[in-house]
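Remember, it's 1-based here, ligands and their atoms both numbered in the order they're listed. No hydrogens, no waters, no symmetry mates; every other heavy atom, side chains included, goes into these values.
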Amino acid sequence: MLPDREGAARQYAVCERFDDLGKDDPDRTYRLGIMGGTFDPVHIGHLACAEQARDELGMDAIIFIPAGVPVYKKDQKVTPAADRLEMCRLAVASNPAFDVSSIEVDREGDTYTVDTLRQLRAHYPDNVELFFITGADAVMSIMKWRDSAQIAHLAKLVAVTRPGYAPPEEMKRVLRERTGFQVSFLEVTGLDVSSSDLRRRVADGRSIRYLTKEVVFRYIEEHGLYRNDEEGERAWS
Ligand code: ATP
Ligand code: MG
């Protein structure tokens, strides 16, 4: 388990704010949204997407869960998990419905969504419904994910699409009928921002201000992340 910033062992199982979700009223159904990703770094696209999912689908809480070793990004240089986690913590701090969990980072080995969902399912009571939020692009590859049938059993899916990009009816039908997934398609404000673009901008010495929260922007500056110079090299060691 990673120590928190003060080096003290944490007292919670999933995350600081929502470990007890579902316990207040056992007769009520609670909706928990899960935002998975590398978050290298977290940006306004992630935050707006999570907030609109919360608002439009009536989520009680959204947990950002940075991946430990993303299976599909193994050939890329990924910023140390402690930095990605801390940037997420800083980014969500001002939203009482958001939190960050280090469960994927704490787990040894490769990150698989199915393991995360199993862990969350085992932690939360049955009156907490799990919703896995993901970009519509990723949704189509979901059938190839490890244990996708299990994923379908553990969580509902929220497929986030951009305005003007309506997934073809055929795609929706295939997903619903052939995979057993319960999918909601949610159109969010299109913000053409990506972590790759932010990383490139910093490396090129261009501004990323307003593309992520000010606190995250400052963290990146202070820790010399993504820079294409000696300072940037030090951020890896
Ligand atoms: P990278 O460029 O490194 O791939 P990214 O910006 O795509 O990073 P990820 O951490 O890969 O960010 O994405 C996490 C989740 O957020 C995914 O489900 C992805 O589809 C979604 N997402 C990423 N960018 C946006 C955006 N601009 N608007 C809405 N959702 C987004
Ligand atoms: Mg991506």
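Taking any N or O of Gly135, backbone or side chain, at least one lies under 3.5 Å from an N or O belonging to ligand 1. Between Gly37 and ligand 1, a contact under 3.5 Å exists for no N or O pair. An N or O contact shorter than 3.5 Å is missing between Met35 and ligand 1 by distance. Residue Ser195 has at least one N or O atom closer than 3.5 Å to an N or O atom of ligand 1.
Those atoms of ligand 1 with a heavy atom of Arg199 less than 4.0 angstrom away are 3 (O). Shown in contact with Gly36 at under 4.0 Å from a heavy atom are these atoms of ligand 1, numbered in order with element: 14 (C), 15 (C). Below 4.0 Å from some heavy atom of His43 lie the following atoms of ligand 1, by number and element: 6 (O), 24 (N), 25 (C), 27 (N). Close approach of ligand 1 to Phe39 (heavy-atom distance below 4.0 Å) involves ligand atoms 10 (O).
When the heavy atoms of Val78, Thr161, Leu191 are ranked by distance to atom 27 (N) of ligand 1, first place goes to Leu191.
Using a 3.5 Å distance cut-off with no hydrogens or angles, the side chains of Tyr30 and Asp25 do not pair a donor with an acceptor. Side chain to side chain, Gln52 and Thr189 meet the donor-acceptor criterion of an N or O pair below 3.5 Å.
At a 4.0 Å cut-off, at least one heavy atom of Thr134 sits close enough to ligand 1 to count as contact. The shortest heavy-atom distance from Thr38 to ligand 1 is under 4.0 Å.
Counting non-hydrogen atoms of neighbouring residues, nucleotides and ligands closer than 6.0 angstrom, the NE2 atom of His123 exceeds 12 such neighbours.
Side-chain contact between Pro41 and Tyr226 is present, with heavy atoms from C-beta onward closer than 4.5 Å. The shortest distance between side-chain heavy atoms of His43 and Ile208 does not fall below 4.5 Å.
Under a 4.0 Å N-O distance rule, the pair Glu86/Arg89 qualifies as a salt bridge.
The CD1 atom of Ile133 sits 10.5 Å away from atom CD1 of Ile63, with the distance rounded to the nearest 0.5 Å.
Ring geometry for Phe39 versus His46: interplanar angle over 60°, hence perpendicular rather than tilted (30 to 60°).
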